[in-house]
Amino acid sequence: MLKNVQHFHPKEIFECGQCFRWTPLNEEKTKYLGVVHGCVLEVHLQGEDVYLHGVSKALFQAYFLKYFDLDRSYQQVKEVLQRDPLLKKSIAHGEGIRILQQDPFETLITFILSSNNLIPKIKEGIKRISSIYGEEMLFQGEIFYAFPTPEALAKATEEELRAMGLGYRAKYIAKTATLLKEARRFTKEKKLRPLTKEEEAKCAYDLAWIQELPEEECLKALMKFPGVGIKVADCVMLFSMGKTGAFPVDVWVKKAMVYFYGAEPKSLPKMRSFAKEQFGSLAGFAQQYLFYYAREEKIKLP
DNA sequence: CGCCAGGCGGCTA
DNA sequence: TAGCCGCATGGC
């Protein structure tokens, strides 16, 4: 149990577009079930307290503390962002939003799948991928499937993935999983023997290495994966690599930027650079508040 | 039927 | 570098 937790609402955390493996268990959406990090767990908000089921204290300390971003002062984040009067409404609407620190590989594959796709279909695709290539888990008598490792997913052919309804993204996912499998392999072997130039080049796809790069280089490195453009790279950086200055611009954020800031509707790159200038290292939080407001309120542009 | 969805890759000027 | 088009799929 986490006592007296502020800035934490399951509905807002899990419905603000950053994750796809949490499902509501009650009508009020205070209780969710999630598949994360090879675990199945429940999160339940009761009054001021948050209850986690299915996770030991040790695992909570070792992984979920960071996953739920519990070391961060959201009070402070909001105080700074609220200096922009145009953001106040969105922040008030999503008081309980937090940015999860998810697994980079899962986030990368998930957001490749997200391009020009629908949220229910993304969820279904991830579930299918996991049920074929992921490890089986038992939770309260029910079977769940963890998201696969790069090695497991690299076994999938483009045709197999296409047959799962992933569309033209199947090729990107198969290729990306293979790139990551090789990157991990050669990164390990590097400690044992000198690598050839070709092998060395493959290490540049290792996500653990990419994650440590400064934001601009990190973005460029991610965009080398097939099916990854600026939007997907921004999502991976923000939702799994702790790059809080990232500002993914999708259709909903675009609507919010036009609606609140009078942005030019067609220029996505300009919205992105404006927001990064305006919000700095807190741009990612601003993005989440704006996304959630726009989608919940179904903002329509004239 | 046409339109669209948390875009991207490829081509053109 | 900006602007356009095709792309798999399925719901409306």
Side-chain angles (χ1 to χ4, degrees), chain A residues 11-22 90 94 97 99-100 102 104 106-129 156-177 179 205 216 219-241 243 246-260 263-276 283-301:
Chain A
K11 174 175 189 272
E12 294 168 11
I13 294 170
F14 302 132
E15 308 286 345
C16 69
Q18 57 182 326
C19 55
F20 298 87
R21 298 213 76 189
W22 286 90
S90 297
I97 287 176
I99 295 184
L100 301 171
Q102 304 179 70
E106 176 171 348
T107 308
L108 178 59
I109 298 297
T110 298
F111 280 92
I112 289 174
L113 185 53
S114 81
S115 87
N116 198 26
N117 208 344
L118 294 144
I119 290 176
K121 276 186 69 183
I122 301 165
K123 287 183 180 169
E124 187 56 37
I126 296 300
K127 209 190 252 182
R128 283 183 196 167
I129 288 172
T157 64
E158 180 191 335
E159 291 69 30
E160 285 170 341
L161 294 173
R162 205 172 266 269
M164 296 168 71
L166 309 188
Y168 59 89
R169 308 160 195 91
K171 185 195 288 185
Y172 303 147
I173 291 172
K175 179 80 174 128
T176 295
L179 283 168
Y205 288 98
E216 276 311 302
L219 183 81
K220 283 179 190 164
L222 286 170
M223 286 174 67
K224 286 184 178 151
F225 289 100
V228 178
I230 196 160
K231 155 65 170 63
V232 171
D234 272 338
C235 285
V236 174
M237 288 202 298
L238 181 59
F239 302 141
S240 74
M241 294 182 166
K243 311 289 187 195
F247 192 87
V249 181
D250 59 64
V251 288
W252 292 107
V253 173
K254 184 188 111 176
K255 284 177 192 176
M257 291 301 284
V258 175
Y259 181 79
F260 286 115
E264 196 60 43
K266 51 185 177 180
S267 186
L268 273 60
K270 276 186 187 166
M271 285 181 208
R272 181 177 181 274
S273 53
F274 167 79
K276 285 172 78 71
F285 299 98
Q287 192 270 1
Q288 286 305 91
Y289 294 122
L290 291 168
F291 176 93
Y292 187 71
Y293 184 90
R295 210 163 86 88
E296 288 287 305
E297 296 298 311
K298 298 184 168 51
I299 287 184
K300 287 197 179 99
L301 302 178

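No experiment lies behind these values; they were computed from the predicted model shown. Residue numbers start from 1 in every chain, and the chains themselves are labelled A, B, ... in the order their sequence lines are given, proteins ahead of strands.
A/Arg169 places a side-chain N or O within 3.5 Å of a backbone atom of A/Ser115 that can act as its donor or acceptor partner. Side chain of A/Gln18 to backbone of A/Ile99: no donor-acceptor contact under 3.5 angstrom is found. A donor-acceptor pair is defined here as one N or O able to donate and one able to accept, closer than 3.5 Å; such a pair exists between the side chain of A/Gln288 and the backbone of A/Cys16.
Here B/dC4 presents its P atom at 18 Å from CD1 of A/Ile119, a figure rounded to the nearest Å. Protein atom NZ of A/Lys171 is 13 Å distant from nucleotide atom C1' of C/dG6, rounded to whole Å. Atom-to-atom, CZ of A/Arg272 to C1' of B/dG7 comes out at 14 Å; the value is rounded to the nearest Å. Between the CD atom of A/Glu264 and the C1' atom of C/dA2 there is a distance of 15 Å, rounded to whole Å. In this structure, the CG atom of A/Leu268 is 13 Å from the C1' atom of C/dG3, given to the nearest Å.
Salt bridge annotation for A/Glu216-A/Lys220: absent, with no cationic side-chain nitrogen under 4.0 angstrom from a carboxylate oxygen.
In this structure, A/Gln18 reaches the bases: a heavy-atom distance under 4.0 Å links it to at least one base atom across the strands shown. Across all strands shown, A/Pro120 has no heavy atoms under 4.0 Å from either base or sugar-phosphate atoms. A/Tyr172 comes within 4.0 angstrom of sugar-phosphate atoms only, judged by non-hydrogen atoms across all strands, and of no base.
Of the residues in residues 228-237 of chain A, those lying under 4.0 Å from DNA chain B by heavy-atom distance are A/Val228, A/Gly229, A/Ile230, A/Lys231, A/Val232.
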- Item | Under 4.0 Å protein heavy-atom contacts per nucleotide of nucleotides 7-12 of chain C, with B for base, S for backbone only and - for none | BBBB--
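Using P as the reference atom, C/dA8 and B/dC11 are 15 Å apart when rounded to the nearest Å.
Using a 3.5 Å distance cut-off with no hydrogens or angles, the side chains of A/Tyr292 and A/Lys11 do pair a donor with an acceptor.
Taking both residues in full, the closest heavy atoms of A/Met164 and A/Ile129 are given as CE-N, 3.3 Å, listed atom of the first, atom of the second, then distance. Among all heavy-atom pairs drawn from A/Met271 and A/Val258, the shortest one is CE-CG2, 4.1 Å. Between A/Asp234 and A/Phe247, the closest heavy-atom pair is OD2-O, 3.5 Å. Here the shortest heavy-atom pairing between A/Lys231 and A/Val249 reads CD-O, 3.9 Å. Residues A/Ala283 and A/Ala275 come closest through the heavy atom pair CB-O, 4.2 Å.
A perpendicular orientation is assigned to the rings of A/Phe20 and A/Phe111, their planes being inclined by more than 60° (bins at 30° and 60°).
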- Secondary-structure string, 5' to 3', Watson-Crick or G-U under 3.5 Å, | for another-strand partners, for DNA chain B: .||||.|||||||
